[in-house]
Amino acid sequence: MSFSPELHHWLILSTILFSIGIYGVLTRRNAVGVLMSVELLLNSAAMNFLIFNHYASKPFIDGAIMALFIIAVAAAEAVIAMALFVAIFRSRKTVDVTQINTLKG
Amino acid sequence: MAVKVSTLDERIKLTDSADSPLDTQEYFINMGPQHPATHGVLRLMLKLDGETVREVIPVLGYIHRGIEKIGEHSTYRQFVHLTDRCDYLSAMMNNWAVSLMVEKALKVELNDRIEYIRTIMAELERIQSHMLWWGVLGMDLGAFTPFLYGFRDRELITDIFEETIGCRLTMNYIQPGGVMDDIHPNFVDRVKKVIEYAKPKIDEYEELLSGNVIIQERLRNVGVLSADKATSLGVTGPVLRASGVPLDLRRVAPYGVYDKVNFEVAVGSVGDCWDRYWVRIEEIRQSMSMIEQLIDNIPAGKTMLMKPAKKTVLPEGSHYAQLETARGILGIYAVSDGVSDKPVRIHMRSPNYNNVWSADEMTRDSRIGDLVANVSSIDIVVPDIDR
Amino acid sequence: MDITLNPADLTHTIAFYTLALTSIVAALIVVTAKRIFRAAVALAVVLICGAGFYILLNYDFIAGVQLLVYVGGIVILIVFAVMLTSSLESIEEPPSLGRKALGLFSSLAFLATAVIAFSETKFPLSSISAEQPKDVAKAVGRKLLDYGAGGYVLPFEVISLLLLASVIGAIVVARNPKRKNEGSAT
Amino acid sequence: MLDFLFGQLVATHATFDVVTLSDRTTQALAEDPWLAAGYALLGLAGVGGFLSLLGMALIYVERKVAAHFQCRLGPMRVGWHGMLQSVADAIKLLLKEDIIPDRADRVLFLIAPVFSIIATTLGLILIPMSPSLQVVDLNIGVIFISAVSSFGVLGILLAGWSSNNKWSLLGAMRAGAQFISYEISVTLSLLVVTLFAGSLQLSEIVQSQQDGWWIWRGHIVGLVAFFVFLIASTAELNRPPFDLPEAESELTGGFHTEYSGLRFSFFFLAEFINMFIASALAATLFLGGWMPFHIGGLHTFNGLMDLIPPGLWFAGKTTFIIFLIMWVRWTFPRLRVDQLMRLEWKFLLPVGFINLFAAATLVITKLYFFPW
């Protein structure tokens, strides 16, 4: 076993980041915090695509394109989420997810 | 009629409760007392909704020195010295207002030489005040260069003052019964030279600032003050004239030798910042032409008709005189008991005090940047507000 | 154990572990920081480290996009969201013990499962001699606009539509219905 | 006759081999790790020294230019014609008390200036100053520079937020909104040159201007892109007439209201270096960077131009653009917030898009000047 990064090192790293993201999604009270945890999840997913692209199909770049799509989706998601949070904050004066439990504003 | 006076806390509460529920969060912010755009120690409480100003509450008193109260303990001649420190950019005009009040009360007839010198001095001072204002307006809008241009040219006028009077800012030149001293032999030549020099400079000012597209954007239709609002707020001076009310005491109730010179009263139409800008630029031009008409015709005569050492006692009753300073109408009101050489009560109706309240009217529902332009276009001198 | 590394590999390894450590610590800050703004900054750090990882994997172009879109766009949006919805003094209450336990359990369970799955699986690694395309940016561009087999022009268009829709949606949701006549750009 | 004289020169100077410091480091890494470490150290020290020296020089130049615009002399006391004034100011700033507001978020308050100076440094290392004077030459140079500059604004947002001052917060919000908006226009005009040159690599973009600079080879399109870039990058630099985030007369200094001493000087330095980066980028993309003034086909003329070393060309062009930016600063007043946004979204953005389409047409139809 060598210390220089191989496929499994990379995979474990991205999995750790993903698990941290899961923890954040489940425990964060602030909606913006939840959004940030989701960004962590997306980021580690994009990283996985690139890792597999690099180690499993080097001559092709489909993984890189998937990573690009993930980044674009993350951007769209962040835009919408921000708009929703601002709207929610306007009507409820809070973005605490444990207190936003009705659908009616 | 009882006047309801509310404290600052009450006013804040009042505007706070008007907050629409659960929409956007409005908040208060202090502009000043230390703030570059308030020209001294004026404090403006702003109620903001994001960048939008919902209300402006001027909070006064940070440079209050009790000048009116000190006036009650000093003779009229001593009081003249204090007025320099109010609106320091119209120092001689403040002196003149007190002198006018005393002369009116004592029915002193002045000779033409005194009136000519006073008028020329007042107009010179109006020019330098407007030049300074022009520079400061540029600086408030983010252009630093006009500030130095304005100061450079104003400096030449203060040099003239220094030669004759010995002072550059708080001149204390016009006294009850005349002027402090005769004009310097160089005075006439130098004034002519400066006017010759400054005329093209005003065109340069216009080139630098007036035609600029950003200045037009920043000033046009910003801070509109309607004629009705302006009169009901008691606004005077260029701000009032910009709103379309041609009230200029130099024309309406002439003092000095304003009835002998030709000049136009610059009047705006919309009442926005641009009109206030234009009115002042035009006033500089008019003042120059006035000085040109007067400077060659200064008659000979004495320059002081009342003996300074003599005790000045005004007749019993109240006396009032007013004139047009660079910022508006300055009125001096004094009550004398007919025995003492000191007034029982003295009050100044200062132009800046009334003008500053129009900031709220102008700025409501526009941006912070507009507030700065508005405050600058009102051209306040804070010591004159607080006195 | 292979100690005799050449310097190029050594710098590569050092960079990997440094970035990995930094990004894990920063990610932990993201999910546990009481002040939400600090979490946002930590998120920026995680994403910058992510760009570093992509450079280590030889995907410079994706790293650039990551910095441009994630750090320059999304993080700033999130910072805006934080600024609009909380103040400097607002400190988030820590989650209840139950939630904490639940979160910890699920994340650890996921970690364990995933790691076991990795160690059990034999991935079809490409041979060492396989070469990456010279210019990833060019290759990505060609692939995105290719409408033959293996081309991504349809997903590309869908993504652009999605972005447009989200921008319009965001404007509609965040618009203040009461003040229609005022300029919305502040 | 002249052709005979300069034929030799053309042959030797017509191609420029780009060797960056990072290339040298990677080459040396395989053979001599210590040499590689030496190169890396040299790069670090060079960038650090260059950063502070350039910052001070720019501050001095700015003051002198401002002074001469305003009919005065500017600094004259410290050193010959005030040359050492910046040094004196730097010492003063270093010795000043470092004040942290009582209720501020200390950690963020302390790292905010570091954020912006790091972003600036990362941008600086990519600038090709001459064929042999460039630290790193990434093949995604253009994207990298705009990416890095966009996290400089994160430092500003941090500063504004952590100061716990409403003015700072307003300034930070303005900075964020302004930056995100104008970033689009900058990127659009960068894309025009990328289309022309067919590369994202800065050194290749410079090489592509062998036959003429893009500002006039791409005639109208290049010119429009140049001006859009100049306007939008002035806005990104927070310089007047777009200095709303720190508008002194409105926000008392905006995001850096609460900063003092060394930390303030970091922001100050970052701002000036950013001005250099923007100017250098404009020079590189539109005015040919270190590439001498060439006219396609005229070998004699080109040979003559090659006599001036590339470094001087770069310095001259960059200085010219820096002077332009300073000129604008000391002449124009400031825009209002909504006008700023209107300028971007209703004017620069459509113009940028149309220009990009025009550029694509130009590239397809090969309608540049000197297409050979």
Side-chain angles (χ1 to χ4, degrees), chain C residues 6-12 29 33-45 47-48 51 54-55 58-84 86-89 91 134-138 140-141 182-186, chain D residues 25-26 28-33 36-37 40 103-105 107-108 111-112 115 119 122 138-154 157-158 160-165 169 172-174 176-177 179-181 183 187 198-201 337-342 344-346:
Chain C
N6 65 3
D9 277 352
L10 188 68
T11 41
H12 193 259
I29 295 175
K34 286 199 186 105
R35 295 179 185 220
I36 197 74
F37 204 97
R38 292 191 182 176
V41 176
L43 181 68
V45 174
L47 297 171
I48 292 169
Y54 299 166
I55 289 176
N58 273 334
Y59 293 104
D60 297 7
F61 177 66
I62 310 294
V65 173
Q66 164 108 351
L67 280 182
L68 193 65
V69 179
Y70 250 131
V71 184
I74 296 176
V75 168
I76 288 177
L77 264 184
I78 287 177
V79 164
F80 257 91
V82 171
M83 282 179 165
L84 290 172
S86 49
S87 73
L88 184 69
E89 272 90 17
I91 288 172
K134 266 266 167 338
D135 195 342
V136 175
K138 212 167 250 175
V140 166
E182 279 180 32
S184 56
T186 310
Chain D
T25 316
T26 9
L29 202 57
E31 300 145 19
D32 184 359
R103 309 275 302 274
D105 189 334
V107 179
L108 297 184
I111 63 169
F115 242 96
L122 286 178
L138 290 181
N139 57 0
I140 50 152
V142 174
I143 288 187
F144 186 80
I145 281 200
S146 54
V148 158
S149 69
S150 69
F151 76 77
V153 77
L154 204 56
L157 287 175
L158 280 186
W161 171 266
S162 62
S163 302
N164 196 11
N165 176 332
L169 188 63
M173 294 287 251
R174 281 180 174 191
F179 202 90
I180 291 184
S181 313
E183 180 80 13
T187 314
S199 172
L200 291 168
Q201 198 167 354
V337 182
D338 51 331
Q339 290 163 352
L340 182 90
M341 289 297 158
R342 214 182 309 143
E344 161 63 20
W345 294 100
K346 294 195 174 160

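Labels below follow one simple rule: chain letters A, B, ... track the order of the sequence lines, proteins then strands, and each chain is numbered from 1.
Contacts of D/Leu158 with chain C are made by both backbone and side-chain atoms, with heavy-atom separations under 4.5 Å. Neither the backbone nor the side chain of C/Ile55 has a heavy atom closer than 4.5 Å to any heavy atom of chain D. Both the backbone and the side chain of D/Leu157 come within contact range of chain C, with heavy atoms under 4.5 Å apart. Both the backbone and the side chain of C/Phe61 come within contact range of chain D, with heavy atoms under 4.5 Å apart.
At least one side-chain heavy atom of C/Val79 sits less than 4.5 Å from a side-chain heavy atom of C/Phe37. At least one side-chain heavy atom of D/Trp161 sits under 4.5 Å from a side-chain heavy atom of D/Leu169.
Partners of D/Glu183 according to the side-chain hydrogen bond (donor to acceptor under 3.5 Å, both in side chains) rule, which considers only residues two or more places apart in sequence or in another chain, do not exist here.
For D/Ser149 against D/Phe179, the heavy-atom pair with the smallest separation is O-CZ, 3.1 Å.
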